[in-house]
Structure formats: structure tokens, C-alpha cells
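Worth saying up front: this structure is predicted, and the values here are computed from it rather than measured.
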Amino acid sequence: MIIYKSFYNIDIRNSSIKGIAIPEDFVFFDEYIDFAVQNENIKQYAIRNDNTTVVHCISCIVSLLSQGENISSNCDEQIKQYARGIADKLLAEEQNVQQDIEHLRSQIKKGNLLMVVDKNEDDEYLFLIAKVDNSIWYDSDSLTKNYGFSGEKKNIWKSAAFSLIVNHGEVSFDAVKVYVDTDAKYWATRFLELTEQRNDHTNTHAAVNYMDISLKRTVKKISEKDYYLLRNSMIQRFKVPHLVNYAELVSELLDGYVPEEPALNIDKVRNSLLELPEKKKFDTQFYADPTAVSNRSYTKFTVNEGIELRVSDELTNIDQYICSKDDGNGRRFLEIECQDDKTFKFFKERDTATV
């Protein structure tokens, strides 16, 4: 049950904050709670200090709201002041970030700050705070330009979900889950002033390691080639610094993939990978850290006694360069495209007709 909600316009260019009255029939907050609770692309954070601005204001707001029907009009005014304190903090931090990126000719978008408190039947509280970036849209009747946000694309925002418990008037924080849509670390570290439970290096190392183990278990036993192709494709995705949304990464890896071995069950592979963050305790959203990826750079294949073939793990289209053939008489061969002139000449057959 929603027991509190507020909405502010944050305009860093004009250094202004404006509270917006929320209509009774505005169901957007209910929809956002559903999205935030079900969102799989989150990162776990911990409270750095109970006295930091946002954490302190959230604690005070929930403490006052926990009074229920006994809440006074004076308390209502205090809640407004604490909520405004959170909005002031966001404006100040975004102005600081804007100064830092000014030389890049980048702009932090004008947007809205929404806050909503939900209370369940067990008297547990969920405080949601989100920044909704505005974009330009045109009125289809007047063709006038306006600014606003989409009620559907909730995954393009920044948000944080604080789980709290109130016991005899004392507020305790439980889990803190943060979602960001871009490389905007200021949201968690400077505005919310939180500490990440697992850093990007730890998350990257865990994801690569446990995904590899999962692929060995669900793929390699059935098809070594599919394991090789999927593993290399997965590794390459972590060798480039970018924001990882784990469920989306798994989809990118498997959607449209046609197994070399028809018996390979892609749904089983997918389910095994998607279970990893919860089972192995790594975040579902983090920044890929290439330094956490193993230095192993090739896969070794035995060809004959005394002959080994080493293939770079960066090669994801191996079929374009290497294929196997047999001559119908029991002899089997590897045919390899050779672009290196020195190697080609070394293995070139001698022309016996000229001898």
C-alpha cells in the first residue's frame, strides 16, 4: 500500500526545484513500484553512514510515516522538508557533475525526481527514489514542443530501492538495490552516498568464472564446438568496458544462436546462466572490468602426435578459417585458410615435376 509519494521537477540549468501536485488518478507510482520490485538489473549497495543526507532524510520520513493515523500536520510539513532536502541534494550533485563534464560538451538532462513509500502487511517499508530523464515530444494537435517522460520505458531511468523495518520507532535499513541506465556512477556514490557491496572487478571475475563453469556443465558435455563458440563470445563481451545488465547479456549470447549440435537444449543453457547471480552472489548490473578476465588467450587442439593447433579465443567465427574433411579412404584432414606468407610457403608442397 502506498503511504507517501512526491514528484519534483529538477532543472540544473536554472538551479530550480519545483514540487508537482499529484492527481488522485495518477497510477504511475503503482506501475513503477511493480517495475522496481521485478527489475532484475540491479546492483547491491550498503549504507555508508546513517547521517549522510539522503539516508538520513529517508530514515526520518519513514519514521514519521510509521506513526500512521497518529501523524500530525506538523509531521506532514517535516516530511515535505526532508523530501525537499533529498531534491536539493540531487540538484547540487548534478550541478557538480555538469561542471565536471562541461569540457566534453555533454549535458545532464532535465528531469524529475520521484519518491514513493510502500508498506506491506508485515509492516515492512520500501522507499523508492528515481530520476526520470525528460525528452522532447511534440503535441500531435498543435505541433508545439514540450518536455516530458515516458510512462512505459521505466528501464531508462536511475533508481534506488531501500528496504526498511521500523521497530518501536527505530528505523533499520535492510537491502539497498540500485539501478542506473548509463555510466552515471554519481547517482549511487555522490548523490545517495552508498558503498557498493561488490566492486566491478569482483562482479566481472565472478560472472566470467561461473558462466564458464555453467557452459562446461550444460554445453561442453554435449558439444565441445558449441562450448568453444559460446565461451569465446561470452569472454569478448567482458573484454570491453560497458554497463552490463546480466539478463540482457545472456539474451545477447543465446538469442538467435543456432547450435552446431541439434541435441543441445538452449533453454536449459539459458536457465542455468540466469540462475547464477542469485546462486553465486554477484550483481545483475555492473561495469565490465576487462582486467578481471583471465589472461588465457587461446584454445589448444590436438591434431596428431606432435602436432597441436592453437586458436585465439578472440576468434568467434572459426568456421570461416578452419574446416575438417575426409578423403573417403579413412584419412581425415583440417583445411585452414592461411594468410601468412611465410607459413604458407613453409608447408607448400614441393613441385616434383621441376626436379
Side-chain angles (χ1 to χ4, degrees), residues 3-22 29 32-33 36 42-66 75-102 106-118 125-134 147 149 154 156-164 171-197 285:
I3 59 175
Y4 172 78
K5 50 190 174 183
S6 61
F7 197 87
Y8 292 90
N9 280 342
I10 308 293
D11 187 348
I12 64 173
R13 289 185 180 180
N14 298 309
S15 298
S16 66
I17 298 174
K18 180 182 179 182
I20 305 298
I22 304 170
F29 285 91
Y32 185 72
I33 289 177
I42 54 91
K43 187 169 185 176
Q44 298 276 1
Y45 279 80
I47 303 297
R48 182 190 306 169
N49 187 325
D50 288 345
N51 294 317
T52 55
T53 302
V54 175
V55 170
H56 173 70
C57 289
I58 288 175
S59 178
C60 290
I61 290 173
V62 172
S63 178
L64 291 168
L65 290 171
S66 67
C75 288
D76 284 339
E77 186 58 35
Q78 286 182 288
I79 290 173
K80 290 180 181 179
Q81 291 176 4
Y82 286 124
R84 177 59 187 249
I86 294 175
D88 287 338
K89 172 68 173 175
L90 178 60
L91 175 62
E93 292 303 330
E94 290 200 328
Q95 287 179 324
N96 291 335
V97 172
Q98 184 59 56
Q99 289 181 355
D100 293 342
I101 64 174
E102 200 75 48
S106 298
Q107 293 283 337
I108 292 182
K109 290 184 178 180
K110 177 182 177 181
N112 306 106
L113 177 68
L114 68 87
M115 288 174 272
V116 56
V117 181
D118 186 73
Y125 296 82
L126 182 66
F127 192 108
L128 290 172
I129 180 169
K131 166 71 185 299
V132 187
D133 290 338
N134 288 176
Y147 288 88
F149 63 92
K154 300 177 182 64
I156 62 171
W157 308 339
K158 306 167 186 67
S159 65
F162 294 79
S163 298
L164 307 97
V171 178
S172 301
F173 286 87
D174 189 8
V176 183
K177 300 177 181 180
V178 175
Y179 167 80
V180 294
D181 60 317
T182 59
D183 187 7
K185 291 191 175 183
Y186 79 88
W187 175 258
T189 58
R190 294 170 62 164
F191 166 53
L192 299 174
E193 296 180 273
L194 301 172
T195 300
E196 56 188 5
Q197 289 190 358
Q285 187 181 73

Please tabulate, for side-chain N and O atoms in residues 81-88, each donor-acceptor pair with protein atoms closer than 3.5 Å (sequence neighbours left out).
unit_1 : atom_1 : unit_2 : atom_2 : d
R84    : NE     : D88    : OD1    : 3.0

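Checking Y179, Y186, F191 one by one against K158, the side chain to side chain contact (heavy atoms under 4.5 Å, CB included) holds for a single residue, Y186. Considering F29, Y4, F127, F7 in turn, F29 is the only one that fulfils the side chain to side chain contact (heavy atoms under 4.5 Å, CB included) rule with V116.
The CD1 atom of I108 sits 10.5 Å away from the CD atom of Q99 when rounded to the nearest 0.5 Å. The line from OG of S63 to CD of Q78 is 9.5 Å long, rounded to the nearest 0.5 Å. Separation of atoms NZ (K43) and CD (Q197) is listed at 10.5 Å; rounding is to 0.5 Å. Here CG of N112 is found 4.5 Å from CG of N9. Values are rounded to the nearest 0.5 Å.
Among all heavy-atom pairs drawn from V178 and A160, the shortest one is CG2-CB, 4.1 Å. What you find for S16 and L91 is that their closest heavy atoms are N-CD2, 4.2 Å. Pairing each heavy atom of G19 with each of Y8, the nearest pair is CA-CD2, 3.7 Å. What you find for S15 and Q95 is that their closest heavy atoms are OG-NE2, 2.6 Å.
Looking only at side-chain heavy atoms (C-beta outward), Y125 and I61 stay at 4.5 Å or farther from each other.
Under the 3.5 Å distance criterion, the side-chain polar atoms of D11 are matched with a main-chain donor or acceptor of R13. Between the R48 side chain and the T195 main chain, no donor and acceptor come within less than 3.5 Å of each other. A distance-only check finds no donor-acceptor pair linking the side chain of E193 to the backbone of I47 [under 3.5 Å]. Under a 3.5 Å cut-off, the side chain of W187 and the backbone N or O of S159 do form a donor-acceptor pair. The backbone N or O of I12 sits nowhere less than 3.5 Å from a side-chain atom of Q98 that would complete a donor-acceptor pair.
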Side chain to side chain contact (heavy atoms under 4.5 Å, CB included) between V55 and I58, worked out: CA-CA 5 Å; V55 170; I58 288 175; 5.8 Å; no
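Salt bridge D100/R190: present, at least one basic N to carboxylate O contact under 4.0 Å.
Within 6.0 Å of NZ in K177 there are 12 or fewer heavy atoms belonging to other residues, nucleotides or ligands.
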